[in-house]
**Q** 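Here it is: the structure, laid out below.
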Amino acid sequence: IVLVTATVHASCTAGGVVAHRTPWHFDLGSCESVNLGASGIDHAGAVALAKALKGSGVLTFLDVGHNNIGSQGAIAIADALRSNRVLTELWLDNNNIGPSGATAVAETLKVNGVLNNLDLRWNSIGDQGAVAIAKALKLNG
């Protein structure tokens with residue numbers, strides 16, 4: 001079951017996802033895989049999604065690529081992943097997260113050994129973000 005409101009396009013391979021826009025709210029239900037790519041999610045939406053991630057015990061794949069979560073959205077998602085021990089694949093491509101968003105993701109990689117596939121393409125992370133990610137990957141393995 002997939003329930004969607006407004007212009008958010010979501011798909012879930014197991015269970016159901018509920019997404020409400022204005023204000024943003026996500027309920028990931030029993031989803032194991034969620035595609036929210038190109039759904040118009042901004043930084044406020046990413047903050048709401050991060051709250052849902054903290055409570056998810058089954059989601060292993062999340063695509064939020066091609067949105068506009070920005071650095072604040074990436075920071076919120078990175079913070080949520082510090083306590084999430086099931087998400088193994090995260091697509092954040094083309095989200096304008098910049099160096100500070102990439103650095104936040106890097107800090108999370110240092111403590112989250114579960115995430116093993118991360119897509120950060122087209123985010124203008126710069127040298128600062130790239131170096132932070134590289135250092136985190138050295139620690140993480």
Side-chain angles (χ1 to χ4, degrees), residues 2-141:
V2 177
L3 302 174
V4 182
T5 62
T7 59
V8 176
H9 303 286
S11 60
C12 172
T13 59
V17 60
V18 179
H20 298 280
R21 188 174 182 180
T22 323
W24 286 99
H25 171 76
F26 293 90
D27 181 348
L28 301 173
S30 59
C31 291
E32 295 175 8
S33 176
V34 173
N35 181 343
L36 293 167
S39 296
I41 299 173
D42 58 9
H43 73 279
V47 169
L49 181 57
K51 288 179 184 176
L53 274 174
K54 285 183 180 180
S56 175
V58 295
L59 185 70
T60 60
F61 170 83
L62 177 61
D63 176 3
V64 287
H66 300 272
N67 284 291
N68 192 27
I69 68 169
S71 61
Q72 293 304 312
I75 291 167
I77 289 173
D79 181 57
L81 292 179
R82 289 177 169 273
S83 60
N84 182 297
R85 296 291 181 231
V86 294
L87 192 73
T88 59
E89 188 166 353
L90 175 62
W91 295 3
L92 289 173
D93 53 306
N94 198 21
N95 264 297
N96 196 32
I97 70 169
S100 60
T103 299
V105 170
E107 289 302 311
T108 294
L109 290 176
K110 291 178 183 178
V111 297
N112 181 322
V114 177
L115 188 66
N116 60 36
N117 191 335
L118 175 64
D119 187 345
L120 292 174
R121 293 174 295 162
W122 309 304
N123 272 301
S124 301
I125 64 173
D127 292 343
Q128 174 190 343
V131 167
I133 294 289
K135 286 181 179 179
L137 291 176
K138 274 187 170 182
L139 291 174
N140 190 315

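What's counted below: heavy atoms across the whole structure, side chains too, no hydrogens, waters or symmetry copies.
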**Q** Report yes if the side chains of I133 and V105 come closer than 4.5 Å at any heavy-atom pair, otherwise no.
**A** yes
**Q** According to the salt bridge (charged side-chain N to carboxylate O under 4.0 Å, His left out) rule, which pairs have a member within residues 100-122, sequence neighbours left out?
**A** E107-K110, D119-R121
**Q** Using a 3.5 Å distance criterion without hydrogens, assess whether the side chain of D42 forms a donor-acceptor pair with backbone atoms of A44.
**A** yes
**Q** Which atom pair, heavy atoms only, marks the closest approach of L53 to A80?
**A**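 Looking at all heavy atoms of both residues, the closest pair is CB-CB, 4.0 Å.
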**Q** Rounded to the nearest 0.5 Å, what separation is found between the CG atom of L49 and the NE2 atom of H43?
**A** 14.0 Å
**Q** When rounded to the nearest 0.5 angstrom, what is the spacing between CG in L92 and CG in N123?
**A**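 Result: 7.0 Å between the selected atoms.
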**Q** Give me each pair satisfying salt bridge (charged side-chain N to carboxylate O under 4.0 Å, His left out) with a member in residues 55-65, each pair once, sequence neighbours excluded.
**A**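 Listed by first then second residue: nothing to list.
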**Q** Under the side-chain contact (heavy atoms from CB on, under 4.5 Å) test, which residues partner T88, sequence neighbours left out?
**A**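 T88: side-chain contact (heavy atoms from CB on, under 4.5 Å) contacts with T60, V114, N116.
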**Q** Between L109 and A136, what is the shortest heavy-atom contact and its length?
**A** CB-CB, 3.9 Å
**Q** Please report the interatomic distance OG(S100) to CD1(I125), rounded to the nearest 0.5 Å.
**A**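 One finds 11.5 Å between OG of S100 and CD1 of I125.
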**Q** Suppose we screen for side chain to side chain donor-acceptor pair (under 3.5 Å). Which residues come up paired with K54, at least two apart in sequence or across chains?
**A**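 For K54, the residues satisfying side chain to side chain donor-acceptor pair (under 3.5 Å) (neighbours in sequence not counted) are D79.
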**Q** Does any part of the side chain of L62, heavy atoms only, come nearer than 4.5 Å to the side chain of L28, both counted from C-beta?
**A** no
**Q** Name all residues meeting the side chain to side chain donor-acceptor pair (under 3.5 Å) criterion together with E89; count only those two or more places apart in sequence or in a different chain, and write none if there are none.
**A**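 E89 satisfies side chain to side chain donor-acceptor pair (under 3.5 Å) with W91, N117 once adjacent residues are dropped.
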**Q** Tell me whether S56 contacts the main-chain N or O of A52 through its side chain, where contact means a donor paired with an acceptor under 3.5 Å.
**A** no
**Q** Tabulate below the donor-acceptor pairs under 3.5 Å that side-chain atoms of residues 64-78 make, not counting sequence neighbours, or state none.
**A**
unit_1: H66; atom_1: ND1; unit_2: N94; atom_2: ND2; d: 3.0
unit_1: H66; atom_1: NE2; unit_2: D93; atom_2: OD2; d: 3.0
unit_1: N67; atom_1: OD1; unit_2: S39; atom_2: N; d: 2.8
unit_1: N67; atom_1: OD1; unit_2: G40; atom_2: N; d: 2.8
unit_1: N67; atom_1: OD1; unit_2: I41; atom_2: N; d: 2.9
unit_1: N67; atom_1: ND2; unit_2: L36; atom_2: O; d: 3.0
unit_1: N67; atom_1: ND2; unit_2: V64; atom_2: O; d: 2.9
unit_1: N67; atom_1: ND2; unit_2: G65; atom_2: O; d: 3.2

**Q** Measure across R82 and V111 and return the closest heavy-atom pair with its distance rounded to 0.1 Å.
**A** NH1-CG2, 3.7 Å
